[in-house]
Amino acid sequence: MSQLISRSDLTAWINALLAEYTVIAPTKVDSLALYQPVKRADDIFMDFGITALSPKEWLFPPTETLFTITTQDGTMKLEAPPLDGKNLIFAIRPCDARGFRLLDKVFLAPPADTHYAQRRQNTTLIGLACSKALPQCFCTSVGGAPNDASDVDVLLTEVEEGYLVNIVTEKGQAAVAQAKLIEKDVTPPSPPNLKPVSTEGIVEATLRAYNDDYWERLADRCTHCNVCAFVCPACYCFDVRDHINQGKTERLRCWDSCQAPGFTRVAGGYTPRPTKGARLRQRFGHKLLYYPQQYGDLLCVGCGRCIASCPVNIDIREVMEDLQKLGVKSVSARA
Amino acid sequence: MNQAIRDKAKELLASGAVSCVIGYDVGSDGINARPFFAYTEEEADGLAFDQTCTHNLVKYLIDRAGKATAIVVKPCDARALTVLINEKQVKREEVFIIGAVCHGIIESTWGQKGSDLQGRCQTCTQHTPLVYDLLVGEPMAEPTPKAPLDHRAATLANMSVAERAAFWAEQFQRCLRCNACRQVCPGCYCAECFVDQLDPEWVGIRIDLPEKWLWNTIRAFHLAGRCVGCDECQRVCPVNIPLGLLNHKLEEEVATLFDFRPGVKADVPAPLETFKKDEKLGIGE
Amino acid sequence: MSLLAPERPITNPFLPYLATVKGVTQLTPDIKLFNLELDDPEVREGFDYRPGQFAFVSAFGVGEAPFGLVSLPHWKAGVEFALRRVGTVTRALHDLEPGAKVGVRGPYGNYFPLEDYRGKNILIIGGGIGMAPLRPVIRTILERRPDYGDLTIINGARSPQDLVFADEFDSWATAPRTRLELTVDRGDDNWSGQVALIPSVVQELKPSPANAVAILCGPPIMIKFTLARLKELCFADAQIVTTLEAKMKCGMGRCMRCNIGDKFVCADGPVFTFEQISHLLEPF
């Protein structure tokens with residue numbers, strides 16, 4: 001027997017959740033689907049395929065205050081901003097949820113990043129299984145699946161009668177407390193088939209190809225914008241600097257990207273990673289070599305956003321394929 | 001057309017006249033073109049041109065300064081190239097221009113084949129590049145200009161300043177400051193962009209509305225009289241900010257004030273680089 | 001989810017300790033020595049670190065940057081940094097006067113394993129501001145002089161005015177079994193010492209690699225040529241140690257600025273032997 005919620009009860013449930021949580025859900029903004037806080041269930045856009053941006057920003061925001069610096073009566077005080085309230089990300093895709101698993105390893109390792117950890121603790125993830133695959137999708141090749149429930153608190157799967165409700169964690173249990181669930185014998189739909197990408201031996205292949213001309217050739221067409229890093233659910237490079245606004249001083253952390261030319265430039269001008277190829281290698285090196293060596297998984301969830309939004313079609317699947325070939329025999333780099 | 005491009009590329013590479021041909025090949029979706037650098041005759045066989053060749057490749061020439069290069073350009077790209085030559089970023093003698101007759105570029109997204117022409121192409125008045133060393137494709141009669149397609153242009157023109165500000169605030173709010181617009185723009189080649197400067201720090205690191213607003217508007221001003229309307233910035237924006245509306249508005253302002261269209265004539269400096277006594281300034285007139 | 005165990009005490013790892021500038025000494029035309037006192041007495045007592053470790057110093061309103069600690073904790077005389085005025089943070093710090101508030105976040109990184117070097121001859125080579133993180137190494141050896149073999153210090157700079165810690169030279173040079181070689185790229189009217197580049201001084205001096213450790217710090221170009229000279233003298237990569245500099249924003253292996261291939265300068269370093277460096281994927 002499965003637990004099921006009807007479409008109308010789903011609406012009622014979301015409206016009930018809104019009393020307790022800030023509900024962040026896919027919405028339609030102009031022609032884009034984006035995760036935004038919603039005011040009512042009707043604001044949610046369920047037929048979104050994949051959103052333009054991952055919901056990463058709700059745990060790791062583009063801009064956040066690490067602490068404020070105030071001086072009162074000659075005494076300086078550093079204060080961290082107060083905790084956010086309870087958040088619930090509704091209809092998160094399994095790949096995007098897996099992104100949080102990858103970020104957890106970085107930000108929750110001691111010393112835990114307080115800001116990320118507090119948000120993580122106060123955020124409930126209601127997953128939505130994918131009923132169809134897009135051409136850029138390859139989650140099954142990097143450890144995920146269109147119906148993977150392992151990184152969400154509740155997984156919803158759309159069926160004819162409504163949504164199957166798979167409660168995964170205690171947090172999920174708490175979130176469905178107000179949902180009207182019915183027991184029904186429903187066979188879950190089989191997940192969509194995805195074209196596999198070989199990732200076998202990719203860590204070793206990346207290492208073998210480390211000093212190959214491949215990177216400079218690939219970088220020929222790379223524009224070195226930050227799109228790939230900013231749309232990625234797993235990229236986490238950041239910058240930290242102070243900001244003074246109307247007499248208020250704060251230390252901020254903001255998204256950054258290893259592709260930016262000044263990313264590693266030290267005061268005085270020396271840049272250890274001066275070429276476009278070296279910068280591009282950092283991106284793929286991090287995803288396919290450094291992170292896996294440090295934490296085990298590839299730093300990629302297969303959402304395909306970087307593929308679809310790259311201005312010049314640098315396709316990580318193609319890069320993996322090329323790297324594997326490079327290790328075996330000398331091939332002219334596809335650039 | 002593909003064959004003409006490949007043949008010329010091979011000839012240029014074989015003779016050593018150029019060391020690289022920058023053109024297009026077919027992307028990883030098997031549908032849409034992407035930029036392609038051919039260094040050998042064998043690689044030149046990968047060159048292709050079709051109605052998905054949206055990228056403006058001329059910016060790549062800046063990185064290849066000092067190295068003779070051939071490049072495939074559409075009419076709009078050729079205008080951008082003229083701007084870069086006029087601004088002394090590219091040396092004309094270092095470039096072999098393969099001009100492609102363009103029937104317009106199809107609006108498409110990765111993985112999907114589109115059918116309609118891009119907005120900029122629907123109102124474009126040029127099929128044949130103004131400058132080239134070799135023309136590929138059959139020249140054809142140039143169309144008559146049409147009104148801008150994006151209805152928002154007319155709507156914006158009729159708005160009050162406050163309404164326009166509200167419109168742009170909503171658009172800019174989505175900006176991620178990913179710099180994709182800058183990185184693809186042939187007009188944005190500063191060694192250090194004002195937004196990256198730390199000392200003085202003109203724009204802080206916040207990815208927040210004041211900084212987004214400042215970034216997008218200053219960039220638009222820096223492009224006034226220089227932007228050729230290739231709309232690459234708008235195409236690559238991951239959050240669909242209609243940057244073309246901003247750039248086209250400035251292009252029209254410059255055309256009205258200075259009777260100038262960038263990249264149309266070689267050796268005519270941009271209005272903001274020069275001063276003429278009889279120029280209208282749009283102040284008190 | 002185990003990483004979110006509620007029992008783990010969570011303190012904001014980006015929050016620096018407040019400190020007060022106690023003393024500012026002009027070491028060279030562009031390098032100042034800052035003596036800082038951590039404001040919280042408990043923090044001050046517990047702030048332990050070793051030669052080679054670094055900490056971030058905050059200029060509030062601008063930002064923070066990592067700098068090598070150049071004092072030793074048991075001196076109980078404050079935390080010291082030698083800062084060259086070169087970027088936005090160091091410029092703001094250089095403008096500070098005694099009494100000003102700064103932030104100190106750290107210590108981070110590994111350190112020179114001086115315990116392991118007991119009984120060995122030590123060759124210390126510092127170029128310009130690169131001498132700064134070597135000062136606590138020298139002072140540790142001098143404080144425990146009998147524990148170590150011969151100590152040779154080569155300190156070079158662009159000009160005589162650019163030599164750091166000049167007021168300590170006498171005490172270094174007069175210590176038992178210690179030799180101090182000063183050299184400059186360009187002398188002046190008052191300079192009677194050597195005018196030579198550091199690698200040439202090394203070549204001239206011909207230090208023996210027998211039972212020796214060479215500790216290097218300086219600009220990349222100096223490191224490159226000095227390393228070559230040392231190798232000619234048959235120093236093995238494992239006998240040569242350096243401390244690397246990199247842009248950093250966190251010190252916790254997260255911001256992805258200081259990694260050299262799969263190694264982080266902040267977490268795996270900053271102290272590396274050249275044997276370790278030879279295995280790094282990228283140039284440093």
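Labels below follow one simple rule: chain letters A, B, ... track the order of the sequence lines, proteins then strands, and each chain is numbered from 1.
Between A/Asp220 and B/Phe36 the shortest side-chain heavy-atom distance does not fall below 4.5 Å.
Heavy atoms closer than 4.5 Å to chain B are found nowhere in A/Ile314, neither backbone nor side chain. Using a 4.5 Å cut-off between heavy atoms, B/Glu42 makes no contact with chain A at all. Contacts of A/Ile244 with chain B are absent, with no heavy-atom separation under 4.5 Å from either backbone or side chain. Contact annotation for B/Glu232: neither backbone nor side-chain heavy atoms come within less than 4.5 Å of a heavy atom of chain A. Heavy atoms closer than 4.5 Å to chain A are found nowhere in B/Gln173, neither backbone nor side chain. Residue B/Gln112: no heavy atom, backbone or side chain, is found under 4.5 Å from chain A. Residue A/Arg305 does not touch chain B at all, counting heavy-atom pairs closer than 4.5 Å. Of the two parts of B/Arg177, only the backbone, made up of N, CA, C and O, holds a non-hydrogen atom closer than 4.5 Å to a non-hydrogen atom of chain A. Contact annotation for A/Val312: both backbone and side-chain heavy atoms come within less than 4.5 Å of a heavy atom of chain B. Heavy atoms closer than 4.5 Å to chain A are found nowhere in B/Asn32, neither backbone nor side chain. Of the two parts of A/His243, only the side chain, counted from C-beta on, holds a non-hydrogen atom closer than 4.5 Å to a non-hydrogen atom of chain B. Neither the backbone nor the side chain of A/Asp256 comes within contact range of chain B, judged by heavy atoms closer than 4.5 Å.
In terms of non-hydrogen atom pairs under 4.5 Å with chain B, the most contact-rich of A/Arg317, A/Gln136, A/Arg241, A/Lys276 is A/Arg241. Taking chain B as the reference chain and counting heavy-atom pairs below 4.5 Å, the highest number among A/Val29, A/Asp30, A/Asp239 is found for A/Asp30. Looking only at heavy-atom pairs under 4.5 Å with chain B, the residue among A/Asp242, A/Leu34, A/Val227 that has the most is A/Val227.
Listed in order of number, the residues of residues 178-187 of chain B that approach chain A to under 4.5 Å between heavy atoms are B/Cys178, B/Asn179, B/Ala180, B/Gln183, B/Val184. Proximity to chain A at a heavy-atom threshold of 4.5 Å picks out B/His55, B/Tyr60 from residues 44-60 of chain B, in numerical order.
In this structure, B/Ile205 CD1 and A/Thr63 OG1 are separated by 7.5 Å, a value rounded to the nearest 0.5 Å. Separation of atoms CZ (B/Arg206) and CD (A/Glu64) is listed at 14.0 Å; rounding is to 0.5 Å.
Not one N or O on the side chain of A/Ser309 forms a donor-acceptor pair closer than 3.5 Å with the backbone of B/Pro238.
Other residues, nucleotides and ligands contribute at most 12 non-hydrogen atoms within 6.0 Å of the CD atom of B/Glu170. The 12-atom threshold is exceeded at CG of B/Asp199, counting heavy atoms of other residues, nucleotides or ligands nearer than 6.0 Å.
A side-chain N or O of A/Asn313 and one of B/Ser28 form a donor-acceptor pair less than 3.5 Å apart.
Listed here is the closest heavy atom pair of A/Trp255 and B/Leu176: CZ3-CD2, 4.3 Å. Residues A/Pro62 and B/Ile207 come closest through the heavy atom pair O-CD1, 3.7 Å. When all heavy atoms of A/Pro135 and B/Gly111 are compared, the pair lying nearest together is CG-O, 4.2 Å.
The pair B/Arg34-A/Glu318 meets the salt-bridge criterion, with a side-chain N (NZ, NE, NH1 or NH2) lying under 4.0 Å from an Asp/Glu carboxylate O. Under 4.0 Å is where a charged nitrogen must lie from a carboxylate oxygen, and between B/Glu43 and A/Arg217 at least one such pair does.
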- Under the side chain to side chain contact (heavy atoms under 4.5 Å, CB included) criterion, do B/Val239 and A/Leu53 qualify, and how do the steps go? CA-CA 8 Å; B/Val239 289; A/Leu53 306 176; 4.0 Å; yes
